[in-house]
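Quick notes on the structure that follows.
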Amino acid sequence: MDNCIFCKIVAGEIPSTKVYEDDTVLAFNDLDPQAPAHILLIPKNHIGSAGEITPENSAVVAHIFEVAAKLAAEKGFADGFRVVTNCGASAGQSVHHLHFHLLAGRDFTWPPG
Ligand code: DGP
């Protein structure tokens with residue numbers, strides 16, 4: 001999609017520190033880390049947000065969670081990590097391409113702010 005930062009990262013037009021890639025999913029380090037480990041997991045195909053997940057495109061979401069579990073285990077965070085997606089401006093979504101934040105390496109509070 002034109003003017004989507006994460007589509008440009010998928011296309012290699014914007015550099016990123018990739019930590020995982022396959023045919024449908026890309027994971028890379030967040031530019032502004034909020035924890036010692038802060039990885040973004042995205043579908044390669046553009047989905048605007050969690051609010052646009054449908055029966056037709058939802059398979060990649062399950063795959064993203066498989067990748068998140070694999071990365072957390074590989075990096076030694078299987079005992080405690082957080083996966084979160086912000087949907088809409090009022091929830092803090094700033095990039096309108098579905099992404100899941102995988103955060104680990106520190107304690108987290110609940111509820112989030
Ligand atoms: P959110 O606020 O939930 O939409 O999260 C967007 C995240 O994307 C935020 O933590 C910062 C990150 N981000 C924005 N632009 C870039 C970029 O060009 N590269 C990388 N690696 N991360 C980015």
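All residue numbers refer to positions in the sequence shown, counting from 1. Both counts, for ligands and for their atoms, begin at 1 and track the order of listing.
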Inter-residue atom distance Asn57.CG - Asn45.CG, 0.5 Å rounding: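 Between Asn57 CG and Asn45 CG, I get 9.0 Å after rounding to 0.5 Å.
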Interatomic spacing from CD1 in Ile39 to CG in Leu26 - rounded to 0.5 Å: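 One gets 11.0 Å once the value is rounded to the nearest 0.5 Å.
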Student check: side-chain heavy atoms of His101 and Arg82 closer than 4.5 Å: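 Heavy-atom side-chain distance check fails, nothing below 4.5 Å.
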Residue shell around ligand 1, heavy atom under 4.0 angstrom: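 Correct list: Ile5, Phe6, Ile9, Phe28, Asn29, Asp30, Leu31, Leu40, Asn86, Gly92, Gln93, Ser94, Val95, His99, His101.
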Side-chain (Ser49) to main-chain (Leu98) donor-acceptor, under 3.5 angstrom: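 A pair under 3.5 Å: no.
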Arg106 side chain to Gln34 backbone, donor-acceptor under 3.5 Å: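 Yes: the side chain of Arg106 pairs with the backbone of Gln34.
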Contacts of type ring-ring contact (aromatic ring centres under 6.0 Å, His included), residue His46, not counting sequence neighbours: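 Testing His46 for ring-ring contact (aromatic ring centres under 6.0 Å, His included), a comparison that skips the adjacent residues, returns His97.
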